[in-house]
There are 2 protein chains.
Amino acid sequence: MLIRGPEDEILKKEQAFRIIRSTINEKGREALYDLTGLAGGFPIKKEDKRLLETYIGPAIYEEKLKRLAVEHLGGEEVIAFNRTTAGILATIIALTKPGGKIIHYLPESPSHPSVPESAKVRGAEYLEFDNIKEFYTPPGTKLIFITGATMDHKIIEIEEFKRIISLSKKARIPTVVDDASGARLRTIIYKQPKAIELGADLAITSTDKLMNGPRGGILAGKARLVKRIKSVAYKFGLEAQPPLIAAMVRALEEFEPTRLIKAIKLRDEVYEKLKRSFKGFQKTPTGVMIRPEEIKKEIEKRNVKTRLSPQETSYLWAMLLLQEHGIITIPAAGMPGASPTLRLDLSAPDAQRLKPDQITRILEETFQKLLDTIIEPEKAKKILGG
Amino acid sequence: MLIRGPEDEILKKEQAFRIIRSTINEKGREALYDLTGLAGGFPIKKEDKRLLETYIGPAIYEEKLKRLAVEHLGGEEVIAFNRTTAGILATIIALTKPGGKIIHYLPESPSHPSVPESAKVRGAEYLEFDNIKEFYTPPGTKLIFITGATMDHKIIEIEEFKRIISLSKKARIPTVVDDASGARLRTIIYKQPKAIELGADLAITSTDKLMNGPRGGILAGKARLVKRIKSVAYKFGLEAQPPLIAAMVRALEEFEPTRLIKAIKLRDEVYEKLKRSFKGFQKTPTGVMIRPEEIKKEIEKRNVKTRLSPQETSYLWAMLLLQEHGIITIPAAGMPGASPTLRLDLSAPDAQRLKPDQITRILEETFQKLLDTIIEPEKAKKILGG
């Protein structure tokens, strides 16, 4: 076992950070390709830089943010958060009390940890459903969450969405849609309406998911509810600071739905080419991925024996992609506990600098290198930072 | 009554934001002087801008941040927060449980709301002391806060500091020092040691207070405790994002204690000159201030009658300073509930562009204008955004 727990994952992450640092120092930013899909751009302009101050920044950007966010999400009022997770915490503190119940419907369990963890710290009860037939709102329900698209980009059915909204309206319980990636995925690729158009009271989205904004969240919806959430946000320091808000404004201004459509074309080309060498790759809404178990199968198919776990082979492949080609993915650079699935997001800005043939060749070459490495555990361990 | 509650304060703030916006659009940033002492600079360099991404940013800046923050605060490990308040929330969630007790010693009550509010949301009991003779740690105390310098820049006595630390060590209770401005005020101006040198387990400081960093907080201290706080921070989205971290790194690199010493010289000059026209101004550690009651007295001394409250006269003077001279202060641009004391921080970067004579003349002129305005309530109301 090369990765025995969070400590080893941290060593791996630190090794990834070392490679990122030395690549930047020796070859420059161009030699890196962040395909995490979570790069968190910071597209401020030169004229923004000197206005990003505590009192001057909001005077300039809050008005613009409101206009652009309402256009993107709908609703009457908005607030920007340091992270979508912080926005979910603020919403739960503002709209529930200890002992109240929070109900969550999502296309596939488990939920992103932010909802159950915030419920727990609030002392609220938490119930999760991913089967519409089982869904109900027990007495004492104070807040209903709907996840529009899961972390694995599984999308809610529009009929299920409507059903939850209609139940919540009958019970007069406010609904919040966690549309972190869904606000773009659902609407642009799956042609669903905005969450607020579907009747949700509040919707929150992540400005670094499927758009070139900073890591952070924007919540929009009913003025009366946003006002209460805002007051909690400022009370606990959860609101986005002016530099983030300015970058969100620019990202919304420059947001181009057609880029997502282009990413799908790139994905389809890459996927077809990959099929010639691999069976285990799957499409994601804006890229390709291979699960750890499938990597293991690809290895076995080549008659190579290894005692590495599927997860470890994925980490190793991701580290080789970074080390040899500057490609950043979550299994290499993610936090401990992040998904070990090797995923290439082709809507990432850096993906635009890669050709389909190049991506396929890089994956084939590094997979060969992976086969060479797994039979030398000492070498593998070193690559993983151990 | 022109300002009847938070709604009117918001109207005033929005009016201040309108003036800031139009000043920037018509005359540029140079025509504004942010003397709040909380400007929240964003001193990133050109080469930083393209590295401020979710995975690339931390690889570059976290190492530097740790080195610089340990130099500034002491300790073994550090974490940067979106705001100091968010850091206090994370600390309380990480180190206490519902029902536990949190004790707070500070030079003068009341505390900054972040400590009691975080205790409340955690379900912890909260006790506050500002008299060392009354201080004790009841059974069940899980965490002790010490405030190094209050919002009004009142400083803890070094003997009191040592006494609390020694009591906490005896009781084996971790201590956190809220050294938001204190980490510089206490050490540079009052020549006290760093909080961690005095034996505190953790210390947190605000990078926008008495230094030219962004609004945000850095916590440093025992590795074992910082690790637990870090995990809570990431869980709830409280950690500073790469753009903020990069700006903190630059602010720490460029931090120059002698600028604070220079600010004191400027303050003394301004204070002496102001005495010729006003009796009500007081020195602050790095500037001058006049309390609302003193403004009212200055008005009465000139035989001008007004039904405005002391607070309203302060808001009005602050708005006139902004409107006529581009000077930003908290009574004009602050959040609802912020202190109505008219305070000019002369350690602010923008203060370096103002001469003592100029500051005095501006205050005299706008005070004359204040006298003219308070006898016309309709005009006053308009200036306050009503």
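These numbers come from a predicted model, not from an experiment. Here is how names work: the chains are called A, B, and so on, in the same order as the sequence lines, proteins then strands, and each is numbered from 1.
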Heavy-atom contact with chain B under 4.5 Å, split by part of A/I19: neither
How would you list all residue pairs meeting salt bridge (Lys or Arg N to Asp or Glu O under 4.0 Å) that involve residues 327-342 of chain A, not counting sequence neighbours? none
Measure A/K97 against the heavy atoms of chain B and call it side chain, backbone, both or neither at under 4.5 Å. neither
For a quick test of reading the model, state the closest non-hydrogen atom pair linking B/G237 to A/N82 and the distance between them. O-ND2, 3.0 Å
So, the part of A/F81 with a heavy atom under 4.5 Å from chain B: the answer is neither
Top contributor to chain B interface from A/A59, A/P98, A/P242 [non-hydrogen pairs under 4.5 Å]: A/A59
Highest number of heavy-atom pairs under 4.5 Å with chain B among A/E14, A/E239, A/K13, A/E62 belongs to A/E239
Atom group of A/R18 that falls short of 4.5 Å from chain B, counting heavy atoms: neither
For A/I330, is it the side chain, the backbone, both or neither that has a heavy atom under 4.5 Å from a heavy atom of chain B? side chain
Does atom NZ (B/K230) have a neighbourhood of more than 12 heavy atoms from anything else shown, all under 6.0 Å? yes
Structural part of A/E63 lying under 4.5 Å from a heavy atom of chain B: side chain
Flag the one option from A/T23, A/I56, A/I328, A/I20 with the top tally of heavy-atom pairs under 4.5 Å to chain B. A/I56
Contact list (residues 110-117 of chain A to chain B, heavy-atom gap under 4.5 Å, by number) returns A/E117
B/R83 side-chain N/O to A/Y234 backbone N/O, donor-acceptor pair under 3.5 Å: yes
Which atoms of B/I88 are under 4.5 Å from chain A, going by heavy atoms: the side chain, the backbone, both sets, or neither? neither
Which atoms of A/P58 are under 4.5 Å from chain B, going by heavy atoms: the side chain, the backbone, both sets, or neither? both
Identify the residues of residues 209-217 of chain A whose heavy atoms come closer than 4.5 Å to a heavy atom of chain B, ordered by number, or report 'none'. A/R215
Enumerate by number any residue of residues 26-38 of chain A whose heavy atoms lie under 4.5 Å from heavy atoms of chain B; in the absence of such residues, state 'none'. A/R29, A/E30, A/L32, A/D34, A/T36, A/L38
Is there a side-chain contact (heavy atoms from CB on, under 4.5 Å) between A/L89 and B/L89 once you walk through the steps? CA-CA 12 Å; A/L89 177 66; B/L89 177 66; 4.3 Å; yes
Answer with side chain, backbone, both or neither: which region of A/I93 has an atom nearer than 4.5 Å to a non-hydrogen atom of chain B? side chain
Closest non-hydrogen contact found for A/T85 with B/F236 is CG2-C, 3.3 Å
